[in-house]
Amino acid sequence: MSGFTKSPWIIHYDASSCNGCDIEVLACLTPLFDVERLGVINTGNPKHADIFLVTGAVNEQSKDVIRNIYNQMPEPKVVVAIGVCAGSGGVFRECYNISGGVDSVIPVDVYVPGCAARPEASVDGVVKSLGGLEQKRKEMAAAPKNVDQTLYLRAEKTDAPEILGLQKTAGQCEAEIYNNDNLPALQQTLEELQSDFDRLTFIKAVINGKIIGSVRGHATGDTAYVSGVIVHPYYQHHEIGRRLVEEIEKAFPSAKRFESFTGRPNERGLRLLGKLGYKEFKTDPFTPAITWVHLQKERK
Ligand code: SF4
């Protein structure tokens, strides 16, 4: 294992815990459990952290802080949800001010059960997350070598959970570009995505059985509408987004015209569609800082 998996640095955030789980997490650092003897350091700086430990359910106030911490952590990184509240909202799930577990905001790698989660279980969760950290490190290193093996296939409804996870991971980059954590892609639920499969066609990019990219589209009359181009951050800048758009265009052989949209200031999205021959034809304000840009092209 690489050095950082032998000496992982963690950052802990209390999303809205009753403090039960927090006390147990702190117990991990006391002499009885003493995770520091295993090289684990508790840091207050997200830029130094490899593992993000979150306790408590997510509410409107903690949502932004969670995303902010997560976005500042360098890749590769893993998220451990400690306790049932962080896993699903727990006993507070139906409360008016709770939006759910941590995975309603960012992708979670390990769920530690319990109310409160016992220190042994939290240590176990951290150890388990080291495997995920190492796996991600290998994937990052192998990404440039693997892109030639990418398969572009029609996605099925059963792929929805994996695509949603990817959408939330890739969406963190978009959130940074737009400086907005409330983008529609980040808010979509599994039920909404599953129902999209009833009316939209999905293409997935797959490497070694894992979905690393996706796009969706539908046709009305002569026009095919292309949207939701997502590529895992490790695989960006390898032309996978371009191939996905080309593949979804092929899925609508009778379309004479294609339409898509992206937002300003997402210059990368505009460049991608521009390279594929799309031209801007109208804009829509979304927020004072974000403008949706609609682009179109005729089939050649
Ligand atoms: S899981 Fe239990 S102990 Fe932990 S924050 Fe929720 S209610 Fe408190």
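Since the model is a prediction, treat every value here as computed from it, not as a measurement. Position 1 is the first residue of the sequence; numbering continues from there. In each ligand, atom 1 is the first atom listed, and ligand 1 is the first ligand listed.
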Pairing of Asp109 and Lys136 as salt bridge, 4.0 angstrom limit | yes
Is Arg242 paired with Glu247 through a side-chain N to carboxylate O contact shorter than 4.0 Å?
-> no
Do we get Arg257 above Phe281's six-membered ring, with its NZ or CZ under 6.0 Å from the centre and within 45° of the axis?
-> yes
Are the side chain of Asp159 and the backbone N or O of Glu156 linked by a donor-acceptor pair below 3.5 Å?
-> yes
Is atom CD of Gln61 surrounded by more than 12 heavy atoms (other residues, nucleotides or ligands) closer than 6.0 Å?
-> no
Co-members of the apolar cluster containing Val65 [side chain, <4.5 Å] | Ile11, Tyr13, Phe52, Val54, Val58, Ile66, Ile69, Tyr70, Met73, Val79, Val102, Val105, Ile106, Val108, Tyr111
Around atom 2 (Fe) of ligand 1, how many protein N, O or S atoms are closer than 2.8 Å?
-> 1
